[in-house]
Amino acid sequence: MSDSISTFFDAWQIEDANDRLDQITRAVTVGILYDDPRTPNTVTGIDALSHYVGMFSANAPGWSAKVVSKDTIGNVTRANIAFSGLDPDGVEKIQIGQYFVEKEGDLISRMVGFVGTGEQ
């Protein structure tokens, strides 16, 4: 069975808005808080988060987001995510992002993402 972090990132490749919303709803709390380098303000709530994730699939059709590693200390999970797909020239590209995730029970309640893994 998939955990909520994998379930959430699997939604990034779902183009149908209703299917994406259903997938995200299975992974996060109603009051989810989400930040990453492309969000000027905290994204709050399932509908807003699904809309934000939908912009990824609209702007990067065929791309996916997959958990490549994760570890947990206390109530915080650090997850490395590979965003991958073909660039406009047809070349496979992979970008790694690192997310810090807090949960309430089995569902994600707060998520903060960064470009890369912090290595120089």
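Note that the structure is predicted; figures quoted are calculated from it, not measured.
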Checklist entry - Does the pair Thr25 and Asp22 meet the rule for a side chain to side chain donor-acceptor pair (under 3.5 Å), with working shown? => result CA-CA 5 Å; Thr25 299; Asp22 289 343; 5.4 Å; no
When hydrophobic residues are tied together by side-chain contacts of less than 4.5 Å, even through go-betweens, does [X] share a cluster with [Y]?
X	Y	answer
Ile96	Phe8	no
Ile73	Phe100	no
Ile81	Val112	no
Ile14	Ile108	no
Val115	Ile94	no

Between [X] and [Y], what is the shortest heavy-atom contact and its length?
X	Y	value
Gly62	Glu15	N-OE2, 4.2 Å
Ile24	Ala11	CG1-CB, 3.6 Å
Ser64	Gln13	CB-OE1, 2.7 Å

Would you say that [X] contacts [Y] through its side chain, given a criterion of any heavy-atom pair below 4.5 Å between the two side chains?
X	Y	value
Asp36	Tyr52	yes
Val53	Gln23	no
Tyr99	Ile5	no
Leu107	Val28	no
Glu104	Val30	no
Phe56	Arg38	no
Lys66	Ser84	no

Item to check | Side-chain H-bond candidate by donor/acceptor type, Ser50 with Asp47, under 3.5 Å | outcome: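 Their side chains do not contain a donor-acceptor pair, so the 3.5 Å distance test is not met.
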Checklist entry - When you check the side-chain N and O atoms of Ser69 and Asn80, is any donor under 3.5 Å from an acceptor? => result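 Result is yes, a qualifying pair exists.
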Checklist outcome for this item: d(Arg20 CZ, Asp10 CG) to nearest 0.5 Å is 13.5 Å
Item to check | Arg110 side, atom CZ; Asp35 side, atom CG - distance, nearest 0.5 Å | outcome: 4.5 Å
Next on the checklist: Please verify the inter-ring angle class for Tyr34 with Trp12; under 30° counts as parallel, over 60° as perpendicular, anything in between as tilted.
Outcome noted: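 The arrangement is tilted - the two ring planes meet at 30° to 60°.
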Could you check whether any side-chain N or O of [X] sits under 3.5 Å from a backbone N or O of [Y], counting only pairs where one atom can act as donor and the other as acceptor?
X	Y	value
Asp89	Val91	no
Thr117	Gln98	no
Trp63	Ser57	no

Checklist entry - Only one of Leu49, Thr42, Val43, Thr44 clears side chain to side chain contact (heavy atoms under 4.5 Å, CB included) with Ile32; which? => result Leu49
